[in-house]
Number of protein chains: 2
Amino acid sequence: MARTREFDEQKVLDAAMRLFWEKGYEATSLSDLTAAMGVQRPSIYSAFGDKKELFEAALRKYNQLHAASIRTKLKKFSSVKQAFRSLFEGIITKAGDSRPDIGCFCINTMVELAPHDPKFEVLTREHQLYLASVFQETIERGLESGELRPDIQAEDLAKNLVVSMIGLTVMMKSRPEQLFAEQSIALTLSLLD
Amino acid sequence: MARTREFDEQKVLDAAMRLFWEKGYEATSLSDLTAAMGVQRPSIYSAFGDKKELFEAALRKYNQLHAASIRTKLKKFSSVKQAFRSLFEGIITKAGDSRPDIGCFCINTMVELAPHDPKFEVLTREHQLYLASVFQETIERGLESGELRPDIQAEDLAKNLVVSMIGLTVMMKSRPEQLFAEQSIALTLSLLD
DNA sequence: TGTATAACATACCGATCAGTAATTTATTTT
DNA sequence: AAAATAAATTACTGATCGGTATGTTATACA
C-alpha cells in the first residue's frame with residue numbers, strides 16, 4: 001500500500017562508498033553524496049539514516065568486498081609465495097596509474113575516524129584481524145604443501161604481512177618512485193623464503 | 001614604528017600543530033584553532049596565511065621535530081638492533097596509554113591530503129625518504145661495527161623498516177591487542193639478526 | 001611628543017554545512 | 001476505483017564554515 005523505491009539500495013550505497021573512499025568522511029558533503037548517488041537528500045536519510053550511519057554502511061560494504069577480493073587474489077596461485085608477491089605487487093602498480101590514489105577505504109578510516117570513534121575503532125580492527133586470519137590460512141596451506149620452510153611461524157608471519165600491507169598502501173599515497181616501493185617490500189617477501 | 005606582536009609565533013604554531021595532528025585538516029575549524037592558539041582570527045591570517053598555509057607550517061614543524069626525535073632515539077643505543085627494537089616498542093606502548101591515539105601527523109596527512117594535493121604529496125614523501133636515509137645510516141653503523149651480518153642490504157632493509165613503521169603506526173590506531181602488535185613486528189625485527 | 005603603522009579586538013560577510021518540514025506523486029491494498 | 005501510505009521533490013532551517021572589513025590600541029621612530 002505504498003509507492004515503490006525507485007533506486008537500487010546497493011547501487012547507490014556503492015556510489016556513496018566510492019565517494020567516502022576517495023574523499024574521506026569530513027570532506028564529503030551531503031550535496032556531494034546526493035549528486036554521486038543520484039538520490040535526493042530525504043531519500044538517503046530514510047534509507048540509510050544520517051551521514052555517519054551511511055558512512056558505516058559504506059565501510060561495511062567495502063570491508064566485505066575487500067575481504068573477498070583478497071581471498072580471491074590469494075587463491076589464484078597454487079604457489080603461496082607467488083600469491084603474496086602478486087598481492088603486494090598489485091598494491092604498487094595499481095596505485096601508479098591514476099590520480100588520486102585512494103588506497104584502502106578501511107585504512108583511511110583507521111586514520112581519520114578510529115581514534116575518535118569507538119565504533120570505527122572496532123570495525124577497522126576486526127577487518128585487520130580477519131585479513132590476518134586469511135593470510136595465516138594461506139601460509140598454512142604453503143606449510144602443508146611443503147612449499148614453505150616448516151619452521152615458519154604462520155601466525156607471526158601473517159600479522160607481519162598485514163602490517164607491511166598497511167604500510168605499503170599508505171606509503172603509496174605519497175607516490176614514491178617505483179624502485180623505492182619495490183625495495184621496501186623485497187625483504188618482507190623474503191620472509192617467505 | 002608599530003605595535004609589537006603579543007604572541008610567540010612558535011608557541012602558537014605548536015598549538016596549531018597539536019590540534020591538526022589530533023583532528024586532521026578538515027575536522028579542525030578556525031574557531032578550534034583560535035581557541036587552542038589563544039590568538040584571534042585576523043592575527044592568525046596575518047602571521048601564517050590561510051588555513052592550508054597554517055597547516056603546512058604546522059606539518060613542516062612536525063616533520064622537523066619528528067625527524068630529530070627519531071635520530072635521537074636511534075643514537076641512544078650503541079646496539080643498532082636494540083635501537084630499532086626500542087623504536088618499534090615505543091610505537092606500541094606509547095599508543096596504549098591515552099585516547100585518542102593521534103599517531104604520526106605526517107602519516108595522517110599522507111592519508112588525508114597527499115592524494116588530493118601535490119604540495120602535501122611532496123612534503124610527506126620527502127619525510128619518508130629522509131627517515132629511510134636515517135635508518136640506512138643507522139644500519140650502516142651496525143655493519144661497520146660488525147654487529148650486523150655483512151650480507152645485509154642496508155638500503156632495502158631501511159626502506160622495509162620505514163614501511164613497517166608506517167604500518168604499525170596506522171594499525172595502532174585501531175587499538176589492537178598488545179600481543180597482536182608484538183607478534184606483527186617480531187619478524188620485521190628479526191631481519192636485523 | 002606627535003605621527004605613522006601594525007597588531008589587536010569585534011563584528012560581520014556570503015557560502016555551505018547536516019538535517020527536516022511540507023507538499024506532490026506513485027503504487028499497493030481494500 | 002478509492003483510500004491509505006510511502007517515496008520523491010522542493011524548499012527551507014539554524015548553525016557553522018573560512019575569511020575579512022572596520023575600528024581601536026599600543027609602540028617605534030621622527
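First the proteins, then the strands, lettered A, B, ... as listed; each starts at 1. Computed from a predicted structure; not experimentally measured.
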Please report the distance, rounded to the nearest Å, between [atom1] in [X] and [atom2] in [N].
| X | N | atom1 | atom2 | answer |
| --- | --- | --- | --- | --- |
| A:Phe48 | C:dG19 | CZ | C1' | 17 Å |
| A:Phe7 | D:dT9 | CZ | C1' | 13 Å |
| B:Met37 | C:dA9 | CE | C1' | 16 Å |
| B:Lys51 | C:dA15 | NZ | P | 19 Å |
| A:Glu9 | D:dA7 | CD | C1' | 12 Å |
| B:Asp32 | D:dC17 | CG | C1' | 11 Å |
| A:Lys52 | C:dC17 | NZ | P | 17 Å |
| B:Glu26 | C:dT16 | CD | P | 14 Å |

**Request:** Would you kindly compare A:Gly38 and B:Glu6 by the position of their nearest DNA chain D nucleotide and give the one closer to the 5′ end?
**Result:**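 On the 5' side of the pair lies A:Gly38.
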Looking just at side-chain N and O atoms, do [X] and [Y] make a donor-acceptor pair shorter than 3.5 Å?
| X | Y | answer |
| --- | --- | --- |
| B:Ser79 | B:Glu147 | yes |
| B:Thr188 | B:Asn160 | no |
| B:Ser29 | B:Asp32 | yes |

For a quick test of reading the model: is some side-chain N or O of [X] closer than 4.0 Å to OP1 or OP2 of [N]?
| X | N | answer |
| --- | --- | --- |
| A:Ser43 | D:dA7 | no |
| B:Ser31 | D:dC17 | yes |
| B:Ser29 | D:dT16 | no |

**Asked** So what does A:Thr28 touch, heavy atoms closer than 4.0 Å: a base, only the sugar-phosphate, or nothing?
**Response**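 The answer is sugar-phosphate, as A:Thr28 gets under 4.0 Å only of primed atoms, P, OP1 or OP2.
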**Request:** Assess whether one donor atom and one acceptor atom, taken from the side chain of A:Arg41 and the base of C:dA18, lie less than 3.5 Å apart.
**Result:**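 Present.
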Can you tell me which nucleotide in [options] comes closest to the side chain of [X]?
| X | options | value |
| --- | --- | --- |
| A:Leu30 | C:dT28, D:dA7, C:dA18 | C:dA18 |
| B:Pro42 | C:dT10, D:dT10, D:dG19 | C:dT10 |
| A:Arg5 | C:dA9, D:dA8, C:dG19 | D:dA8 |
| B:Ser46 | C:dA7, D:dT10, D:dA7 | C:dA7 |

**Request:** For A:Tyr25 and for B:Gln40, locate the closest nucleotide of DNA chain C by heavy-atom distance; then report the residue assigned to the nucleotide nearer the 5' terminus.
**Result:**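 Per heavy-atom nearest nucleotide, the more 5' residue is B:Gln40.
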**Asked** Can you check ring pair (Phe, Tyr, Trp, His ring centres under 6.0 Å) on B:Phe120 and B:Tyr25, steps first, answer last?
**Response** CA-CA 12 Å; B:Phe120 293 103; B:Tyr25 178 76; 7.5 Å; no
**Item:** A:Arg60 with A:Glu56: basic N within carboxylate O range, under 4.0 Å
**Value:**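 Looking at A:Glu56 together with A:Arg60, the answer is yes, because their closest N to O distance falls below 4.0 Å.
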